[in-house]
Protein chains: 2
Amino acid sequence: MTDTPPVGARRGRPGHDRETVLRAAIDLFNERGYDATSIADLARELGVTKSAVFHHVASKEDLLSAALDEALTGLAAATQAAAATDSGSTDSGSTAYERLHATVAESVRILAAHLPAVTLLLRVRGNSPVEQEALRRRRVIDVELAGLVREAAREGDIRSDLEPELVSRLIFGTVNSLVEWYRPDGPVSPDDLAAAVTSLTFEGLAPRAT
Amino acid sequence: MTDTPPVGARRGRPGHDRETVLRAAIDLFNERGYDATSIADLARELGVTKSAVFHHVASKEDLLSAALDEALTGLAAATQAAAATDSGSTDSGSTAYERLHATVAESVRILAAHLPAVTLLLRVRGNSPVEQEALRRRRVIDVELAGLVREAAREGDIRSDLEPELVSRLIFGTVNSLVEWYRPDGPVSPDDLAAAVTSLTFEGLAPRAT
DNA sequence: GTCTATACCGCGATAGAC
DNA sequence: GTCTATCGCGGTATAGAC
């Protein structure tokens with residue numbers, strides 16, 4: 001046997017692969033913004049030339065597209081999973097309140113697990129077809145979430161003196177704002193964060209019985 | 001008397017002035033992002049050439065600087081005003097709870113009144129000295145807000161089972177997330193919005209006695 | 001798979017005429 | 001106050017050698 005690795009296996013030893021480039025790109029996009037980040041910046045970060053980067057990806061926008069897809073897939077799964085806590089048909093074993101509670105918690109966990117990609121998603125403005133498509137997919141998720149809030153209000157398990165659309169925007173505005181400061185390697189674990197967010201959202205700031 | 005306007009007064013009839021340019025710039029920066037917006041875009045929006053824009057402003061960054069200053073001045077005033085509801089020295093007539101409540105409401109109102117400038121501020125990443133200075137001033141405000149939350153918890157008027165820093169970040173994360181969707185010309189007035197945010201924040205989602 | 005070299009374009013900003 | 005014209009730079013992306 002020789003000392004060379006199996007030729008049949010996927011190799012790429014000398015340099016980087018697409019995934020490496022993508023991770024570095026997402027980090028840079030988040031640090032400086034997508035438009036303010038050049039391929040030259042990315043190449044410098046990876047220690048190669050611009051041309052080497054273009055060997056792995058078709059275009060700069062290609063990197064953005066992949067990152068947004070990761071975030072959207074995760075968030076869509078979060079809403080789906082929590083909604084399928086039971087749901088089924090007309091009236092199931094789970095209440096809308098329970099599903100809303102689970103969705104908020106799961107959204108926080110997904111956000112923490114895919115923080116860089118989700119951060120990028122939340123900053124997209126719709127400057128290109130790629131960004132517009134991402135915004136469209138985001139809107140679909142937002143509509144589902146608003147429906148869940150409306151349902152919980154109709155079932156009488158949450159207050160109904162405020163518009164469900166408004167409540168939904170405030171709740172998930174709180175969740176989304178986490179990308180501005182939360183770091184998974186900090187003192188607060190993702191599960192602790194999810195618990196704090198849900199507790200504050202559902203119970204408010206009132207002093208608790210000890 | 002002639003039909004020409006007073007020559008001594010500030011005039012500029014044929015074209016635009018610095019304020020016009022600034023308003024248009026802030027809107028474009030928010031729509032597409034600062035880096036993605038070129039002076040040519042701005043000139044096109046105003047119906048003039050790039051050179052005409054540079055007649056009114058020294059640089060593109062000059063526009064950003066002015067916008068960030070507007071937002072920061074407003075927000076600093078909001079925290080100051082609400083904190084000075086009484087405060088004074090050691091123990092005054094107002095509790096930290098009351099001051100926190102007033103600060104949240106006032107922050108929402110300022111955000112609504114200066115929505116474009118505040119939106120821009122909240123998207124700044126620190127890419128240049130101008131942006132870094134803005135982030136520094138933001139941080140000062142954030143520290144004051146966190147102190148207010150800590151004080152209210154110490155006085156026993158809000159729950160103390162969660163870290164004040166965490167609570168502060170969540171509350172003002174909710175407030176800041178308003179820039180992502182709120183429009184003052186929509187169905188919700190700034191005062192209604194401030195009432196909804198404070199109510200949801202302080203009282204939570206629990207059904208209310210009717 | 002990575003390199004050098006380069007085409008091509010749009011950017012921010014300036015000079016000087018009107 | 002706005003224009004035309006232009007500079008110099010850095011952007012994305014490509015071609016072809018190694």
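Letters go in sequence order (proteins before strands), and every chain restarts at 1. Side chains included, hydrogens not; waters and symmetry mates left out as well; all remaining heavy atoms used.
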Can you list the residues that meet the side chain to side chain donor-acceptor pair (under 3.5 Å) rule with A:Thr103, with sequence neighbours excluded?
none
Does B:Thr49 make a side-chain N or O approach to OP1 or OP2 of D:dC3 shorter than 4.0 Å?
yes
Can you list everything that forms a side chain to side chain donor-acceptor pair (under 3.5 Å) with A:Asp62? Sequence neighbours excluded, please.
A:Arg18
Checking the side chain of A:Asp157 only, and the main-chain atoms of A:Ala152 only, is there a donor and an acceptor separated by less than 3.5 Å?
no
Which pairs, protein N/O on one side and nucleotides 5-10 of chain C N/O on the other, fall under 3.5 Å?
{"from": "C:dA5", "atom 1": "N6", "to": "A:Ser51", "atom 2": "OG", "distance (Å)": "3.2"}

Looking only at non-hydrogen atoms, find the nearest pair between B:Ala67 and B:Leu22 and report the distance.
N-CD1, 4.3 Å
Minimum heavy-atom separation for A:Leu121 and A:Ala134, please, with both atom names.
CD1-CB, 4.2 Å
Give, ordered by number, those residues of residues 19-27 of chain B having at least one heavy-atom distance below 4.0 Å to an atom of DNA chain D; if nothing qualifies, reply none.
none
For a quick test of reading the model, state the closest non-hydrogen atom pair linking A:Val108 to A:Pro190 and the distance between them.
CG1-O, 4.3 Å
Could you check which of C:dC11, D:dT2, C:dT2 has an atom nearest any side-chain atom of B:Ala40?
C:dC11
Once the angle between the rings of B:Phe202 and B:His101 is folded into 0 to 90°, is it parallel (under 30°), tilted (30 to 60°) or perpendicular (over 60°)?
tilted
salt_bridge(A:Arg137, A:Asp69) N-O dist < 4.0 Å
yes
Are A:Glu70 and A:Arg23 within salt-bridge range, i.e. N to O under 4.0 Å?
yes
Using 4.0 Å as the upper bound for N to carboxylate O, is an ion pair formed by A:Glu180 and B:Arg125?
yes
Can you name the closest pair of heavy atoms from A:Glu131 and A:Gly126 and give their distance?
OE1-N, 3.0 Å
Nearest heavy-atom pair of B:Leu115 and B:Pro184: which atoms, and what distance?
CD2-CD, 3.6 Å
Bend across the helix from C:dG1-D:dC18 to C:dC18-D:dG1, to 10°, with axes taken over 5 pairs at each end?
0°
Considering only C:dG12, C:dC3, D:dC3, which nucleotide approaches the side chain of B:Ile39 most closely?
C:dG12
B:Arg44 atom CZ is separated from D:dT2 atom C1', nearest whole Å, by 17 Å
Give the rounded distance in Å between these two atoms: CG of B:Asp35 and P of D:dG11.
12 Å
Picking from A:Val124, A:Val118, A:Leu63, what satisfies side-chain contact (heavy atoms from CB on, under 4.5 Å) with A:Leu68?
A:Val124
Interatomic distance, B:Leu42 CG vs C:dC11 P [rounded to whole Å]:
12 Å
Taking DNA chain C as the partner, which of residues 53-63 of chain B come within under 4.0 angstrom of it by heavy atom?
B:Phe54, B:Ser59, B:Lys60
